[in-house]
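Okay, so here's the structure we're looking at.
This is a predicted model, so every value here is computed, not measured.
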Amino acid sequence: MDSNVGKKLNDVLSGIDRDKLNSAKRSVEEFISTKEGHKIKEELKGMDKDKLINNFMKMDTDKLRDMLKKANLSGLSGTDIENILKKLK
């Protein structure tokens, strides 16, 4: 299963511009260092890892890739991320 998840993640991220991906990574790292980010990080620790992986594996790779290409991760707020987590539960 882990190799399948890794392959899918590579497939999803392969279509994204490397600069945009690095910029998104920096934005997420900055967000995680905030009070809201710490709260969400703690919520993620309590999530059922298998359920989260299963939901990810059920998602359409092409749709995920398209959504990520259009995403503006620098504008995400804690509320946005909490809504995303609720949808994944």
Salt bridge K8-D11, side-chain N to carboxylate O under 4.0 Å:
no
In Å and rounded to the nearest 0.5 Å, what is the CZ to NZ distance from F31 to K41?
11.5 Å
Please evaluate residues K39 and K35 with respect to the criterion side chain to side chain contact (heavy atoms under 4.5 Å, CB included), reporting the C-alpha separation (whole Å), side-chain torsions for both, the decisive distance (0.1 Å), and the verdict.
CA-CA 6 Å; K39 179 182 171 191; K35 184 178 177 181; over 6 Å; no
Just by distance, do the side chain of S27 and the backbone of S23 share a donor-acceptor pair under 3.5 Å?
yes
NZ-OG1 distance between K7 and T61, expressed to the nearest 0.5 angstrom:
8.0 Å
To the nearest 0.5 Å, how far apart are CE in M67 and CG in D62?
11.0 Å
Ignoring hydrogens, what is the shortest heavy-atom contact between F56 and L64? Give both atom names and the distance.
CE1-CD1, 3.9 Å
Looking at every non-hydrogen atom in both residues, tell me the closest pair between H38 and S33 and how far apart they are.
NE2-O, 3.5 Å
Show the numbers, then the answer: is there a side chain to side chain contact (heavy atoms under 4.5 Å, CB included) between E29 and K25?
CA-CA 6 Å; E29 288 170 346; K25 181 182 172 196; 3.1 Å; yes
What distance do D60 atom CG and D66 atom CG have between them, rounded to the nearest 0.5 Å?
8.5 Å
Reported CG-to-CG distance for the pair L21 and D17, which is rounded to 0.5 angstrom
8.5 Å
To the nearest 0.5 angstrom, please state how far the NZ atom of K58 sits from the CD1 atom of I53.
13.0 Å
